[in-house]
Protein chains: 2
Amino acid sequence: MTKQTHSTEASINVFKALADPIRLAIIQYLSQHDQALSCGEIGQAMQISKTSGSYHFKILQEAGLITVRKVGREKFVKLDRVTFDHYLIHFWQNL
Amino acid sequence: MTKQTHSTEASINVFKALADPIRLAIIQYLSQHDQALSCGEIGQAMQISKTSGSYHFKILQEAGLITVRKVGREKFVKLDRVTFDHYLIHFWQNL
DNA sequence: TAAATAGTTCAAAAATATTTGAACTATTTA
DNA sequence: TAAATAGTTCAAATATTTTTGAACTATTTA
(Lines give C-alpha, C1' and ligand atoms only; values in the text may rest on other atoms or scores of the structure.)
Protein backbone atom coordinates (compact mmCIF):
# COMPACT_ATOMS: atom_id res chain seq x y z
CA MET A 1 0.00 0.00 0.00
CA THR A 2 0.91 3.67 0.15
CA LYS A 3 3.20 4.65 2.97
CA GLN A 4 1.93 4.38 6.52
CA THR A 5 2.60 6.51 9.53
CA HIS A 6 4.34 4.86 12.43
CA SER A 7 1.13 4.76 14.41
CA THR A 8 -0.79 3.20 11.53
CA GLU A 9 1.76 0.42 11.39
CA ALA A 10 1.50 -0.07 15.13
CA SER A 11 -2.29 -0.14 14.85
CA ILE A 12 -2.10 -2.85 12.25
CA ASN A 13 0.05 -4.96 14.54
CA VAL A 14 -2.53 -4.54 17.27
CA PHE A 15 -5.42 -5.42 15.00
CA LYS A 16 -3.55 -8.39 13.55
CA ALA A 17 -2.82 -9.60 17.05
CA LEU A 18 -6.51 -9.38 17.88
CA ALA A 19 -7.64 -11.00 14.63
CA ASP A 20 -7.20 -14.58 15.74
CA PRO A 21 -9.47 -16.76 17.90
CA ILE A 22 -6.67 -18.23 20.00
CA ARG A 23 -5.18 -14.87 20.81
CA LEU A 24 -8.57 -13.41 21.56
CA ALA A 25 -9.23 -16.34 23.89
CA ILE A 26 -5.91 -15.71 25.61
CA ILE A 27 -6.83 -12.07 26.08
CA GLN A 28 -10.22 -13.07 27.37
CA TYR A 29 -8.66 -15.53 29.80
CA LEU A 30 -6.20 -12.91 31.03
CA SER A 31 -8.96 -10.38 31.37
CA GLN A 32 -11.06 -12.73 33.45
CA HIS A 33 -8.21 -13.70 35.76
CA ASP A 34 -6.83 -10.19 35.95
CA GLN A 35 -3.36 -11.16 37.12
CA ALA A 36 -0.12 -12.37 35.62
CA LEU A 37 -0.41 -16.00 34.58
CA SER A 38 2.25 -18.35 33.28
CA CYS A 39 2.38 -19.16 29.58
CA GLY A 40 2.14 -22.81 30.51
CA GLU A 41 -1.08 -22.42 32.43
CA ILE A 42 -2.68 -20.37 29.69
CA GLY A 43 -1.48 -22.74 26.99
CA GLN A 44 -3.04 -25.66 28.85
CA ALA A 45 -6.32 -23.80 29.26
CA MET A 46 -6.31 -23.07 25.52
CA GLN A 47 -5.30 -26.66 24.71
CA ILE A 48 -2.51 -25.61 22.39
CA SER A 49 1.04 -26.89 22.09
CA LYS A 50 3.95 -25.13 23.74
CA THR A 51 5.27 -24.14 20.34
CA SER A 52 1.99 -22.65 19.27
CA GLY A 53 1.70 -20.83 22.58
CA SER A 54 5.17 -19.42 22.20
CA TYR A 55 4.23 -18.13 18.74
CA HIS A 56 1.03 -16.46 19.90
CA PHE A 57 2.49 -14.90 23.04
CA LYS A 58 5.22 -13.38 20.93
CA ILE A 59 2.70 -11.77 18.62
CA LEU A 60 0.71 -10.41 21.54
CA GLN A 61 3.85 -9.06 23.14
CA GLU A 62 5.15 -7.44 19.98
CA ALA A 63 1.81 -5.74 19.52
CA GLY A 64 2.17 -4.44 23.05
CA LEU A 65 -0.99 -6.13 24.27
CA ILE A 66 0.74 -8.10 27.02
CA THR A 67 3.71 -7.53 29.24
CA VAL A 68 6.04 -10.33 30.15
CA ARG A 69 8.07 -11.06 33.26
CA LYS A 70 10.36 -14.02 33.61
CA VAL A 71 10.47 -15.72 37.00
CA GLY A 72 12.77 -18.68 37.22
CA ARG A 73 12.00 -20.85 34.26
CA GLU A 74 8.50 -19.55 33.86
CA LYS A 75 7.21 -16.58 31.92
CA PHE A 76 4.29 -14.68 33.35
CA VAL A 77 2.16 -12.57 31.08
CA LYS A 78 -0.29 -9.85 31.91
CA LEU A 79 -2.69 -7.82 29.84
CA ASP A 80 -1.43 -4.35 28.99
CA ARG A 81 -4.62 -2.37 29.02
CA VAL A 82 -2.81 0.88 28.34
CA THR A 83 -1.81 -0.22 24.86
CA PHE A 84 -5.18 -1.70 24.31
CA ASP A 85 -6.89 1.52 25.24
CA HIS A 86 -4.47 3.65 23.31
CA TYR A 87 -5.07 1.81 20.05
CA LEU A 88 -8.68 0.84 20.39
CA ILE A 89 -10.46 3.39 22.48
CA HIS A 90 -8.66 6.32 20.89
CA PHE A 91 -8.41 4.83 17.44
CA TRP A 92 -10.32 7.59 15.69
CA GLN A 93 -7.86 10.19 16.85
CA ASN A 94 -5.07 8.36 15.06
CA LEU A 95 -6.88 8.29 11.72
CA MET B 1 -9.73 -23.15 18.94
CA THR B 2 -12.35 -23.71 21.60
CA LYS B 3 -15.85 -22.55 20.79
CA GLN B 4 -16.51 -18.85 20.45
CA THR B 5 -19.54 -16.81 21.31
CA HIS B 6 -21.35 -15.10 18.48
CA SER B 7 -19.99 -11.74 19.48
CA THR B 8 -16.44 -13.05 19.68
CA GLU B 9 -16.77 -14.26 16.13
CA ALA B 10 -18.11 -10.89 15.04
CA SER B 11 -15.25 -9.18 16.85
CA ILE B 12 -12.75 -11.29 15.00
CA ASN B 13 -14.29 -10.27 11.70
CA VAL B 14 -13.96 -6.65 12.70
CA PHE B 15 -10.35 -7.05 13.81
CA LYS B 16 -9.49 -9.02 10.68
CA ALA B 17 -11.04 -6.31 8.58
CA LEU B 18 -8.90 -3.72 10.33
CA ALA B 19 -5.73 -5.80 10.18
CA ASP B 20 -4.74 -4.79 6.66
CA PRO B 21 -3.00 -1.63 5.43
CA ILE B 22 -5.24 -1.16 2.41
CA ARG B 23 -8.42 -1.47 4.40
CA LEU B 24 -7.09 0.80 7.10
CA ALA B 25 -6.22 3.35 4.43
CA ILE B 26 -9.74 3.07 3.03
CA ILE B 27 -11.17 3.68 6.48
CA GLN B 28 -8.84 6.59 6.96
CA TYR B 29 -9.85 8.05 3.61
CA LEU B 30 -13.53 7.66 4.42
CA SER B 31 -13.02 9.17 7.83
CA GLN B 32 -11.30 12.20 6.36
CA HIS B 33 -13.93 12.78 3.72
CA ASP B 34 -16.80 11.98 6.03
CA GLN B 35 -19.34 11.29 3.30
CA ALA B 36 -20.36 8.44 1.04
CA LEU B 37 -17.78 7.95 -1.72
CA SER B 38 -17.85 5.63 -4.70
CA CYS B 39 -15.78 2.46 -4.70
CA GLY B 40 -14.19 3.66 -7.91
CA GLU B 41 -12.99 6.92 -6.43
CA ILE B 42 -11.60 5.24 -3.35
CA GLY B 43 -9.97 2.52 -5.38
CA GLN B 44 -8.22 5.12 -7.52
CA ALA B 45 -7.04 7.01 -4.46
CA MET B 46 -5.64 3.75 -3.04
CA GLN B 47 -4.13 2.80 -6.41
CA ILE B 48 -5.56 -0.68 -6.35
CA SER B 49 -7.30 -2.68 -9.05
CA LYS B 50 -11.07 -2.89 -9.28
CA THR B 51 -10.89 -6.54 -8.35
CA SER B 52 -8.82 -5.88 -5.31
CA GLY B 53 -11.13 -3.04 -4.32
CA SER B 54 -14.15 -5.26 -4.65
CA TYR B 55 -12.50 -7.82 -2.40
CA HIS B 56 -11.62 -5.32 0.30
CA PHE B 57 -14.96 -3.49 0.27
CA LYS B 58 -16.70 -6.81 0.72
CA ILE B 59 -14.62 -7.63 3.79
CA LEU B 60 -15.28 -4.20 5.27
CA GLN B 61 -18.98 -4.53 4.60
CA GLU B 62 -19.24 -8.02 6.02
CA ALA B 63 -17.50 -6.83 9.16
CA GLY B 64 -20.12 -4.09 9.36
CA LEU B 65 -17.56 -1.31 9.15
CA ILE B 66 -19.07 0.31 6.08
CA THR B 67 -22.55 0.64 4.70
CA VAL B 68 -23.20 0.43 1.00
CA ARG B 69 -25.77 2.09 -1.23
CA LYS B 70 -26.04 1.43 -4.93
CA VAL B 71 -26.86 4.39 -7.16
CA GLY B 72 -27.08 3.57 -10.83
CA ARG B 73 -24.02 1.61 -11.70
CA GLU B 74 -21.99 2.99 -8.84
CA LYS B 75 -21.67 1.81 -5.27
CA PHE B 76 -21.24 4.37 -2.55
CA VAL B 77 -19.73 3.40 0.72
CA LYS B 78 -19.74 5.15 4.05
CA LEU B 79 -18.11 4.42 7.37
CA ASP B 80 -20.38 2.81 9.91
CA ARG B 81 -19.10 4.31 13.12
CA VAL B 82 -21.76 2.58 15.16
CA THR B 83 -20.30 -0.84 14.46
CA PHE B 84 -16.85 0.49 14.95
CA ASP B 85 -17.73 1.92 18.32
CA HIS B 86 -19.69 -1.13 19.34
CA TYR B 87 -16.81 -3.50 18.74
CA LEU B 88 -13.87 -1.33 19.60
CA ILE B 89 -14.90 1.17 22.20
CA HIS B 90 -16.99 -1.35 24.10
CA PHE B 91 -14.75 -4.29 23.42
CA TRP B 92 -13.92 -4.93 27.06
CA GLN B 93 -17.53 -5.45 27.91
CA ASN B 94 -17.70 -8.35 25.47
CA LEU B 95 -14.74 -10.15 26.98
C1' DT C 1 -28.74 -0.74 -30.26
C1' DA C 2 -23.66 -0.37 -29.54
C1' DA C 3 -20.12 1.22 -26.69
C1' DA C 4 -18.58 2.61 -22.39
C1' DT C 5 -18.51 2.46 -17.39
C1' DA C 6 -18.85 0.46 -12.53
C1' DG C 7 -18.46 -3.23 -10.23
C1' DT C 8 -18.53 -8.68 -9.47
C1' DT C 9 -17.09 -13.43 -9.86
C1' DC C 10 -14.03 -17.13 -10.64
C1' DA C 11 -9.99 -19.90 -10.45
C1' DA C 12 -5.10 -19.84 -10.32
C1' DA C 13 -0.96 -17.76 -8.44
C1' DA C 14 1.45 -15.46 -4.88
C1' DA C 15 2.04 -13.99 -0.34
C1' DT C 16 1.36 -14.52 4.70
C1' DA C 17 0.14 -16.73 8.77
C1' DT C 18 -0.15 -20.82 11.62
C1' DT C 19 1.00 -25.53 13.12
C1' DT C 20 4.01 -29.28 13.80
C1' DG C 21 7.81 -31.90 15.74
C1' DA C 22 12.56 -32.20 16.79
C1' DA C 23 16.39 -30.17 18.85
C1' DC C 24 17.70 -26.62 21.69
C1' DT C 25 18.64 -23.24 26.23
C1' DA C 26 17.89 -22.14 30.87
C1' DT C 27 16.38 -23.20 35.30
C1' DT C 28 14.89 -26.05 39.02
C1' DT C 29 14.54 -30.35 41.63
C1' DA C 30 16.00 -35.00 43.13
C1' DT D 1 25.26 -34.25 38.64
C1' DA D 2 21.15 -36.20 36.30
C1' DA D 3 16.47 -35.69 35.31
C1' DA D 4 12.64 -32.91 34.83
C1' DT D 5 10.32 -28.65 33.62
C1' DA D 6 9.29 -24.16 31.01
C1' DG D 7 9.83 -22.13 27.17
C1' DT D 8 12.32 -21.03 22.40
C1' DT D 9 13.96 -21.76 17.75
C1' DC D 10 14.08 -23.70 13.30
C1' DA D 11 12.53 -25.46 8.98
C1' DA D 12 8.96 -27.91 6.71
C1' DA D 13 4.06 -28.61 6.09
C1' DT D 14 -0.44 -26.69 6.03
C1' DA D 15 -3.89 -23.23 5.96
C1' DT D 16 -5.55 -18.78 5.04
C1' DT D 17 -5.47 -14.38 2.82
C1' DT D 18 -4.62 -11.41 -1.01
C1' DT D 19 -3.66 -10.42 -5.90
C1' DT D 20 -4.23 -11.12 -10.69
C1' DG D 21 -6.51 -11.24 -15.14
C1' DA D 22 -10.26 -12.77 -17.90
C1' DA D 23 -14.98 -13.13 -18.40
C1' DC D 24 -19.10 -11.67 -16.62
C1' DT D 25 -23.70 -8.54 -15.15
C1' DA D 26 -25.95 -4.27 -14.81
C1' DT D 27 -26.44 0.34 -15.94
C1' DT D 28 -25.73 4.49 -18.51
C1' DT D 29 -24.57 7.21 -22.61
C1' DA D 30 -23.98 8.02 -27.64
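Below, chain A is the first sequence line, B the second, and so on; all start at residue 1.
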inquiry  = I'd like to know if B:Leu24 and B:Ile59 are part of one continuous hydrophobic network [Ile/Leu/Val/Met/Phe/Trp/Tyr, side-chain heavy atoms within less than 4.5 Å].
reply    = no
remark   = When rounded to whole Å, the CZ to P distance for the pair A:Arg73 and C:dT27 reads 11 Å
inquiry  = Quick check on DNA chain C: between A:Val71 and A:His56, whose nearest nucleotide comes earlier from the 5' end?
reply    = A:His56
query = At under 4.0 Å, does any side-chain N or O of A:Ser52 touch on OP1 or OP2 of C:dT19?
reply = yes
key: Nucleotide forming a Watson-Crick or wobble pair with C:dT18, both distances under 3.5 Å   = D:dA13
message = Donor-acceptor check, side chain of B:Ser38 to backbone of B:Glu74, threshold 3.5 angstrom: yes or no?
response = no
message = Please report the distance, rounded to the nearest Å, between CG in A:Leu18 and P in C:dA17.
response = 15 Å
Separation of atom CD1 in A:Ile48 from atom P in D:dT8, rounded to whole Å = 11 Å
request  = Provide, to the nearest angstrom, the distance between the NZ atom belonging to B:Lys58 and the P atom belonging to D:dT18.
outcome  = 13 Å
query = In whole angstroms, how far is the P atom of D:dT20 from the CD atom of B:Gln47?
reply = 12 Å
ask   = If you pin A:Tyr55 and B:Ala19 to their nearest nucleotides in DNA chain D, which one's is more 5'?
value = A:Tyr55
task = Using both distances under 3.5 Å as the test, list the Watson-Crick or G-U wobble partner of C:dC24, or none.
result = D:dG7
message = Distance check needed: D:dT17 C1' versus B:Phe15 CZ, whole Å only.
response = 19 Å
Distance in angstrom units between B:Ile59 CD1 and C:dT8 P, rounded = 13 Å
query = Closest to the A:Ser49 side chain: C:dT20, D:dA6, C:dT18?
reply = C:dT20
ask   = If we call it a pair only when both distances are under 3.5 Å in a Watson-Crick or G-U wobble match, what pairs with C:dA12?
value = D:dT19
ask   = Are there more than 12 heavy atoms of other residues, nucleotides or ligands under 6.0 Å from atom CD of A:Gln44?
value = no
key: A:Tyr29 with A:Tyr55, same ILVMFWY side-chain cluster at under 4.5 Å   = no
note = Taking for B:Lys16 and for B:Lys50 the nucleotide of DNA chain D with the nearest heavy atom, the one nearer the 5' end belongs to B:Lys16
note = Re C:dT29: Watson-Crick or G-U wobble partner, both distances kept under 3.5 Å, found to be D:dA2
remark   = To the nearest angstrom, the NZ-P distance between A:Lys70 and C:dT28 comes to 8 Å
query = Considering heavy-atom distances to DNA chain C, does B:Ser54 or A:Gly72 have its closest nucleotide positioned more toward the 5' end?
reply = B:Ser54
request  = Start with the C-alpha gap between A:Leu65 and A:Leu18, add the side-chain angles, then the distance that decides, and say whether side chain to side chain contact (heavy atoms under 4.5 Å, CB included) holds.
outcome  = CA-CA 9 Å; A:Leu65 290 169; A:Leu18 294 168; 3.8 Å; yes
query = Which part of the nucleic acid, if any, lies within contact of B:Lys75, taking any heavy atom under 4.0 Å across all strands shown: a base, the sugar-phosphate backbone alone, or nothing?
reply = sugar-phosphate
